[in-house]
Protein chains: 2
Amino acid sequence: MRAWIGYRRMRLLLDLQLQRDLMSQSGLSEPDYDVLSNLSEAEGRKKRLSELAAHMRWSKSRLSHHLARMEQRGLVERHECPGDARGSMVVLTDEGWEAIVEAAPGHVASVRRHMIDLLTDDELDALADLSHRIVEHLSGQLPTS
Amino acid sequence: MRAWIGYRRMRLLLDLQLQRDLMSQSGLSEPDYDVLSNLSEAEGRKKRLSELAAHMRWSKSRLSHHLARMEQRGLVERHECPGDARGSMVVLTDEGWEAIVEAAPGHVASVRRHMIDLLTDDELDALADLSHRIVEHLSGQLPTS
DNA sequence: CTACGGTTGATGACATGTCAACAAACGGTC
DNA sequence: GACCGTTTGTTGACATGTCATCAACCGTAG
């Protein structure tokens with residue numbers, strides 16, 4: 001029970017803090033950051049919408065809505081998908097690239113300050129292990145979507 | 001980094017799973033459950049709105065909106081607050097009490113199944129300790145609100 | 001070629017959360 | 001008692017996420 005209560009409260013406060021740091025430093029929300037980060041690591045800074053959604057474990061609907069908003073801000077673009085007229089390619093714009101490049105160091109520092117630096121090496125190992133186990137467990141029984 | 005990535009993914013999947021279990025078993029969302037749970041433990045099954053908000057670390061606005069929705073479903077009621085004509089007392093209705101009593105066992109079982117039972121005693125201790133330390137750290141630098 | 005079931009992504013309605021502005025009431029001071 | 005800064009809770013506008021639905025497109029079977 002201690003572990004559960006602690007986890008809940010940590011999750012609440014940590015998210016709040018990171019969200020605020022990120023927003024104040026770069027004007028990006030965490031979902032924005034995740035999308036940009038994923039795209040920036042992709043081949044050619046672009047990715048098929050459904051692949052992106054699957055990798056992030058977002059619904060296509062959510063991603064589509066979010067991209068619409070990011071598109072309006074000039075961070076990404078939708079291009080036609082060669083070989084599949086249904087699909088769309090999500091492309092990182094130069095502006096989006098700059099945004100993630102500027103935001104990343106601050107975000108990483110923020111994560112270190114509020115989490116990583118507070119834990120011992122043993123604790124980090126334990127956390128990595130246990131979260132990996134839980135993720136494995138849950139991945140097995142998620143909807144195939 | 002492993003710890004960070006793992007934590008992120010665990011958080012995403014675990015929330016999804018628990019949310020779905022809870023919703024399908026009892027028709028309550030996690031925020032609903034948290035509100036009801038808090039109220040059910042309170043003196044006389046009622047609590048001042050701002051106290052409730054502070055204890056849950058929700059904004060008063062969020063709580064007010066959420067209560068409006070829960071009130072429409074008959075789970076809670078707003079009463080006048082004796083001694084402070086501004087305030088409002090949030091009161092658990094009988095219906096709300098039944099809802100939380102029925103939902104609790106399933107939710108606890110769900111938490112055990114997807115998290116607690118997957119971890120060793122050492123890991124649970126470690127998680128409790130590290131989350132407590134992070135919460136302490138973050139509590140120190142939160143807005144006074 | 002045509003038909004058919006499955007996939008892809010967009011969309012509208014709606015639930016939820018954030019933020020800023022507000023009115024009412026409080027409490028201490030003069 | 002009138003004043004004034006603070007606290008309380010509500011509200012509206014808006015950002016975000018979910019769900020069901022849809023049209024267009026794919027691939028395959030006949």
Side-chain angles (χ1 to χ4, degrees), chain A residues 11-13 15-20 22-24 27-35 46-73 75-91 142-145, chain B residues 11-13 15-20 22-24 27-35 46-73 75-91 142-145:
Chain A
R11 178 186 161 298
L12 182 67
L13 295 184
D15 276 17
L16 247 172
Q17 184 67 47
L18 294 179
Q19 170 90 29
R20 281 196 313 177
L22 185 58
M23 181 60 77
S24 67
L28 298 174
S29 68
E30 288 199 87
D32 292 339
Y33 184 91
D34 288 343
V35 170
K46 65 186 167 193
K47 212 162 184 178
R48 189 74 182 269
L49 189 148
S50 50
E51 282 176 32
L52 186 54
H55 188 257
M56 300 182 67
R57 297 183 179 278
W58 282 19
S59 71
K60 283 184 277 193
S61 170
R62 174 180 182 183
L63 185 53
S64 183
H65 277 302
H66 205 93
L67 288 175
R69 294 185 290 258
M70 295 179 70
E71 201 171 7
Q72 281 201 322
R73 294 195 280 151
L75 297 173
V76 299
E77 281 172 2
R78 283 170 157 105
H79 289 178
E80 285 178 8
C81 181
D84 191 337
R86 293 168 302 180
S88 69
M89 290 298 268
V90 187
V91 187
L142 272 183
T144 325
S145 75
Chain B
R11 178 187 162 297
L12 181 68
L13 295 184
D15 276 17
L16 247 172
Q17 184 67 47
L18 294 179
Q19 170 91 28
R20 281 195 314 179
L22 185 58
M23 180 60 76
S24 68
L28 297 174
S29 68
E30 288 199 89
D32 292 339
Y33 184 91
D34 288 342
V35 170
K46 66 185 166 193
K47 213 163 182 177
R48 189 73 182 268
L49 189 149
S50 51
E51 282 176 33
L52 186 54
H55 188 257
M56 299 182 68
R57 295 187 180 276
W58 281 19
S59 72
K60 282 182 276 193
S61 171
R62 175 180 180 183
L63 186 53
S64 183
H65 277 303
H66 204 93
L67 289 176
R69 293 185 291 258
M70 295 180 70
E71 201 171 7
Q72 280 203 321
R73 293 195 280 151
L75 297 173
V76 299
E77 282 173 2
R78 283 171 159 105
H79 290 177
E80 285 179 7
C81 181
D84 191 338
R86 294 167 303 181
S88 75
M89 289 299 266
V90 187
V91 186
L142 272 182
T144 325
S145 75

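So you know, we letter chains A, B, ... as the sequences are listed, proteins then strands, and number each from 1.
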Spacing between [X] atom [atom1] and [N] atom [atom2], to the nearest angstrom:
X: R86(A); N: dC26(D); atom1: CZ; atom2: C1'; result: 4 Å
X: E30(B); N: dG17(D); atom1: CD; atom2: P; result: 16 Å
X: R20(A); N: dT18(C); atom1: CZ; atom2: P; result: 12 Å
X: W58(B); N: dT10(D); atom1: CH2; atom2: P; result: 14 Å
X: L52(B); N: dT8(D); atom1: CG; atom2: P; result: 14 Å
X: H66(B); N: dT16(C); atom1: NE2; atom2: C1'; result: 8 Å
X: K60(A); N: dT21(D); atom1: NZ; atom2: P; result: 16 Å
X: M23(B); N: dA15(C); atom1: CE; atom2: P; result: 11 Å

Among dC26(C), dC26(D), dT16(C), which is the nearest nucleotide to the side chain of D84(B)?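 It is dC26(C).
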With the side chain counted from C-beta on, respond yes when R11(A) and R11(B) share a heavy-atom pair under 4.5 Å apart, and no when they do not.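 Of all side-chain heavy-atom pairs linking R11(B) with R11(A), at least one is under 4.5 Å.
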side-chain N/O [X] vs [N] OP1/OP2, d < 4.0 Å:
X: S64(B); N: dG9(D); result: no
X: S50(B); N: dG9(D); result: yes
X: R48(A); N: dG9(C); result: yes

Step by step, work out the side chain to side chain donor-acceptor pair (under 3.5 Å) result for Q72(B) and R69(B). CA-CA 5 Å; Q72(B) 280 203 321; R69(B) 293 185 291 258; over 6 Å; no
Quick one: on DNA chain D, does A85(A) or P31(A) contact a more 5' nucleotide (nearest heavy atom)?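 Result: P31(A).
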Find which nucleotide of DNA chain D each of R69(A) and G83(A) is nearest to by heavy atoms, and output the residue with the more 5' nucleotide.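 By nearest-heavy-atom nucleotide position, the 5'-most residue is R69(A).
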Any chance NE2 of H79(B) has more than 12 other-residue heavy atoms, nucleotides or ligands included, within less than 6.0 Å?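 Enclosed: over 12 neighbouring heavy atoms sit under 6.0 Å from NE2 of H79(B).
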Taking N and O atoms by type only, does the side chain of R62(A) place a donor or acceptor under 3.5 Å from a partner on the base of dT18(D)?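 Side chain to base: no pair present.
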At under 4.0 Å between heavy atoms, what does S61(B) touch on the DNA or RNA strands: base, sugar-phosphate, or nothing?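 Base: the residue S61(B), judged by heavy atoms under 4.0 Å, touches a nucleobase.
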Touch class at under 4.0 angstrom, heavy-atom based, for H65(B) against every strand present: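 Since a base atom lies under 4.0 Å of H65(B), the category is base.
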Do R78(B) and S64(B) have a side chain donor and acceptor closer than 3.5 Å?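 Checked: R78(B)/S64(B) side chains pair up, N/O donor to acceptor below 3.5 Å.
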So which atom in C81(B) and which in S88(B) form the shortest heavy-atom distance, rounded to 0.1 Å? CB-N, 4.1 Å
